[in-house]
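Lettering follows sequence order; numbering is per chain, from 1.
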Amino acid sequence: MSVERYLDDLERALRDVGIRGALQRRIMLEAEDHVRSDPGAVDRFGSPREVAQLFADELATDRSRRAALASFAALAAAGMFFAAGWLLAVTAGDGADIFSAEIPALGVLAALGMLVCPQIALVAGVLALLRATRRRHDRVVPAAGLGLLLTRARVALVFGALSLASLALYAVEFRAHLAGWFTLGATVGGAALTLPLILTAQTVRSAASIRSTAPGDAGDVFDDLPIRLPRRPWLLCLATCVVVGLLALAAGGVDEGPRNAVFEAVAVVVGFVALGRRLGLRR
Amino acid sequence: MRGQALKGHLDLLILAVLAGEPLHGYAIVDELRQRSGGALDLAEGTVYPALYRLERAGLLRSRWVTESGRRRRLYTLTARGRTTLEKQREEWRSFAMAVEAVVT
C-alpha cells in the first residue's frame, strides 16, 4: 500500500470512530512521520481501522471517566447550594403551605421537583462516581460499560439542573411568603450554578462521540460497589426502601415522619422501576 | 512474541526504552526490536495509543521537534514515569522469578 493511500485510510478511520480536531491532526502527523521513516514501515504500522479503533477504545475510556468525575464535581457544588437553599427556605419564609403560591399548580410542581429531583441526581451521580473510581486503573473499559457510565452522568446532570430550577421556581412562586434576599439568591445562584452543569454536559457529549467497540458486558451496580453483595436487585431496592424510610421517619418526627417515610419508600420503588435499568441498578 | 501477549507489558517496555533518552515513536519501536533481538514483534501503530495514554497519566511528556526537515514528536520520561518504571521493574522481576520457579 502506498503511504498516501494509507494516510487517507487512517484519516477516514479516525473520523469514523469520532476522533477529530487537534488530536486527529497530531495522530496523522506522527503516523506520517513514522510510515515515511523507511520503505516497509507502512506495511508494519497495522491496519488503519485497527489503529484507529485502538485509539478510540482507550480515548473513550479516559474521556468518559474524566467526564463522570467532572459531572460529580459540578453536581457537588450545585448540591451544596441546593441544600443551603432548602435549609434557608425555612428561616426565610413565613411557613406558607404548598398551595399558597402565586400559581398554585406551579407551587406544587416546584415543591415536588425539590423533593424528587435532587434524590435522583444524587443516586445517579454517586453511581457514576462509583464506576469511574472502581475502573480508574482499567486501560480499556467495555463500550457497554462506558455507555452506562455516561448515562448515569447525563441523568445526574439533568436532574441536578431540574433541582436548581425547582428551587428557583419555588422562590419565585412563593415570593410573597419569602424574604427578598432568598428569592434573589435562589434564582441568581441557581442560574449561576446551572452553568457548570451545562458545561460538564458538553464534556459528557464529547466523550460519548468517541466510538469504542471494546467488548464486554455493561455490568451493573453490583460490579461497582466496593463490597460484594448478592446479585439481587429487588432485595437491594427493598433494603434501600427500609433505610430511606427509617431516615425519613426519624427526621420527620411523630407528626410528619410516617407520611414522609411512606412517600420516600414509594419514591424509591418508582425510581427503581422507572430508572433502574437505565442506571444499571437492575438488568 | 505474539502481539497479544505484548499488550499487557507494553507500558513497561515503553518506559524502559525511554529511560535512556528522549525518542520519537519510530525510534521507540526500533529500539524495542533491537534490544529484544527481533523477538518483540507488534503492529507498530499500536505504540501510539500507549504513548498518548502514558502522557495523559503524567508518566511521559512530549514536544514537537524538527529533524531533517520533518516534524516529529519527541517523548521523555517524567520523574513520575521514572518512579513508576522502577516499581514496575521490581514487580516484573518478582513475577519472572515466580514463573521461572514453577516452569523449570
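The neighbour count for B/Arg56 CZ, taken as heavy atoms of other residues, nucleotides or ligands under 6.0 Å away, is above 12. Within a 6.0 Å radius of CZ in A/Arg49, other residues, nucleotides and ligands contribute 12 heavy atoms or fewer. Surrounding CZ of B/Arg35 are more than 12 heavy atoms belonging to other residues, nucleotides or ligands, all under 6.0 Å away. Atom CZ of A/Arg283 is surrounded by more than 12 heavy atoms from other residues, nucleotides or ligands within 6.0 Å. In the displayed structure, A/Arg278 atom CZ is contacted under 6.0 Å by at most 12 heavy atoms of other residues, nucleotides or ligands.
Of the inter-residue distances, the one linking A/Ser37 atom OG with B/Glu44 atom CD reads 9.0 Å to the nearest 0.5 angstrom. Considering CG of B/Asp11 and CZ of A/Arg139, their distance stands at 7.5 Å, rounded to 0.5 Å.
Exactly one of B/Arg73, B/Arg71, B/Arg70 qualifies for a side chain to side chain contact (heavy atoms under 4.5 Å, CB included) with A/Leu29. That residue is B/Arg71.
With a 4.5 angstrom heavy-atom cutoff, B/Val29 touches chain A only via side-chain atoms. Heavy atoms of A/Leu10 lying under 4.5 Å from chain B are absent altogether.
For B/Arg53 and A/Asp62, the salt-bridge test fails: no basic side-chain N is under 4.0 Å from an acidic carboxylate O.
Of all non-hydrogen atoms in A/Gly46 and B/Ala43, the two that sit nearest each other are CA-CB, 4.0 Å.
No other option in A/Glu50, A/Arg36, A/Glu58, A/Glu30 has as many heavy-atom pairs under 4.5 Å with chain B as A/Glu30. Chain A forms more heavy-atom pairs under 4.5 Å with one residue of B/Pro49, B/Gly25, B/Ala27 than with any other, namely B/Pro49.
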- Task: Quick one: do B/Glu55 and A/Arg26 satisfy salt bridge (Lys or Arg N to Asp or Glu O under 4.0 Å)? Show the steps, please.
- Result: CA-CA 14 Å; B/Glu55 190 174 15; A/Arg26 176 178 163 181; 2.8 Å; yes

- Task: Output, in order, the C-alpha distance, side-chain angles, deciding distance and verdict of side chain to side chain contact (heavy atoms under 4.5 Å, CB included) for A/Glu32 and B/Arg72.
- Result: CA-CA 9 Å; A/Glu32 183 176 6; B/Arg72 43 186 35 161; over 6 Å; no

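Aromatic ring pairs are classed by plane angle as parallel below 30°, tilted from 30° to 60° and perpendicular above 60°; the pair A/His34 and B/Tyr26 is perpendicular.
Ring-centre distance between B/Tyr52 and A/Phe55: below the 6.0 Å cut-off.
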